[in-house]
There are 2 protein chains.
Amino acid sequence: MICCVKDCTRGTILSDTNIPVRTMAPRPEGCRAVAETLGRIGDKWTVMVVGSLAQGPMRYNHILRTVEGISQRMLTLTLKGLEQDGLVTRTMYPTIPPRVDYELTELGRLLIAPLQSLHDWATEHRPAMLAARAAFAEKESEAASQRARFTTPK
Amino acid sequence: MICCVKDCTRGTILSDTNIPVRTMAPRPEGCRAVAETLGRIGDKWTVMVVGSLAQGPMRYNHILRTVEGISQRMLTLTLKGLEQDGLVTRTMYPTIPPRVDYELTELGRLLIAPLQSLHDWATEHRPAMLAARAAFAEKESEAASQRARFTTPK
DNA sequence: CAGGATCCGTCTTGATACTG
DNA sequence: CAGTATCAAGACGGATCCTG
């Protein structure tokens, strides 16, 4: 159960028509956790930074070059968030010029597996999603032209 | 490899100091996909709605009551997005009053597993994350008071 | 019942310039 | 090199009211 819902009931679940549907093992204790976690890693850059750091420890500018399109500001903020949540360690060498290494913690490395499964789903099913989106767009414009035919008949 | 990076190189990866670090099997073909997928499902309500629908087909108002805190507007938008991407089907019965059922498609049901693994990670490691956040906040305020001691000595 | 339309504040992101 | 500071723009989400 991945829900964050009110009625994480146990046992058989009844639909509105009282017909038993799929049964799952609910885990109420983690319902809120999923949403919060996704709120944390679901932003625009976090997964890419984590994915980048999955290769190993990396310096600030190296991540900056690796994660295409990220700005200094966003990288700094993302790394700070990850460090704050204990997913990344920041090691500063007070040399001149300064050098800062970032590395995934054990916690951060454990996150790689779930992200990998999400990655696999994404790569495998993205064509289907794109197709669905295209089909949906077509139906939309079709319906729009239908409406237009009756609302603006000149 | 879950990255969305430029140098999804193959084989051994070298750090800035030319010391070989962890080696992973990169899959450049899916780099962008992860980011896009998370952009899709990483919003505030999508996972909760999917989690709710994982129980089985459900009517609009039932989801509304199940997903605590969601507004009509957000539920409608979320469901429309999911339908557009082929993760959810919308079945309308033109009765009075109207009745609309939402149900996960096969694609949507396949998404449950990755979300489940993310859920498991979240429930298992959330205490650690909260602890890390608390520790970080403490260090922050500590450093802040240090600074204050020297910048505003009255 | 299941939305659609509107308004409006907030949060996020990006661009740019500056610094120890 | 590795950031910080500031500003502007746009996306996002919530509240409210309306409807077939």
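In what follows, every chain begins at residue 1, and chains take the letters A, B, ... in the order their sequences are listed.
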Take atom [atom1] of [X] and atom [atom2] of [N], then tell me their distance rounded to the nearest Å.
X	N	atom1	atom2	result
B:Glu83	C:dG3	CD	C1'	13 Å
A:Arg99	D:dC1	CZ	P	12 Å
A:Leu75	C:dA15	CG	C1'	16 Å
A:Arg65	D:dC1	CZ	C1'	10 Å
A:Asn61	D:dT4	CG	P	13 Å
B:Ile70	D:dG14	CD1	C1'	12 Å
A:Leu77	C:dT12	CG	P	10 Å
A:Ile96	C:dG20	CD1	P	13 Å

Base D:dT4 paired with A:Arg73 side chain (donor-acceptor, <3.5 Å):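 Answer is no: no donor-acceptor pair is held.
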Sugar-phosphate only, base, or nothing, as touched by A:Tyr102 at under 4.0 Å among non-hydrogen atoms: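 Result for A:Tyr102 = sugar-phosphate.
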Sugar-phosphate, base or nothing in reach of B:Thr76, heavy atoms under 4.0 Å: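 Sugar-phosphate: the residue B:Thr76, judged by heavy atoms under 4.0 Å, touches backbone atoms but no base.
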Selection from C:dG3, D:dA2, C:dT13 that lies nearest to any side-chain heavy atom of A:Gln72: D:dA2
Which nucleotide in C:dC1, C:dG14, D:dG13 has an atom nearest any side-chain atom of A:Met74: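 My answer, after comparing the listed nucleotides, is C:dG14.
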Any A:Trp45 side-chain heavy atom under 4.5 Å of A:Leu79 side chain: no
Side-chain touch B:Leu38/A:Leu38, heavy atoms, less than 4.5 angstrom: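 Yes. Closest side-chain heavy atoms under 4.5 Å.
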Side-chain ion pair, A:Glu106 and A:Arg109, N-O less than 4.0 Å: yes
Contact under 4.0 Å: B:Lys44 side-chain N or O vs D:dG14 OP1/OP2: yes
Below 4.0 Å: OP1/OP2 of D:dT4 and any side-chain N or O of A:Lys80: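 Indeed, a polar side-chain atom of A:Lys80 lies that close.
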Spacing of B:Leu53 atom CG and B:Ile63 atom CD1 [to the nearest 0.5 Å]: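 Reported to 0.5 Å precision, the distance equals 4.5 Å.
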Minimum-distance pair of heavy atoms, taken over all atoms of A:Gly86 and A:Thr105: O-OG1, 2.7 Å
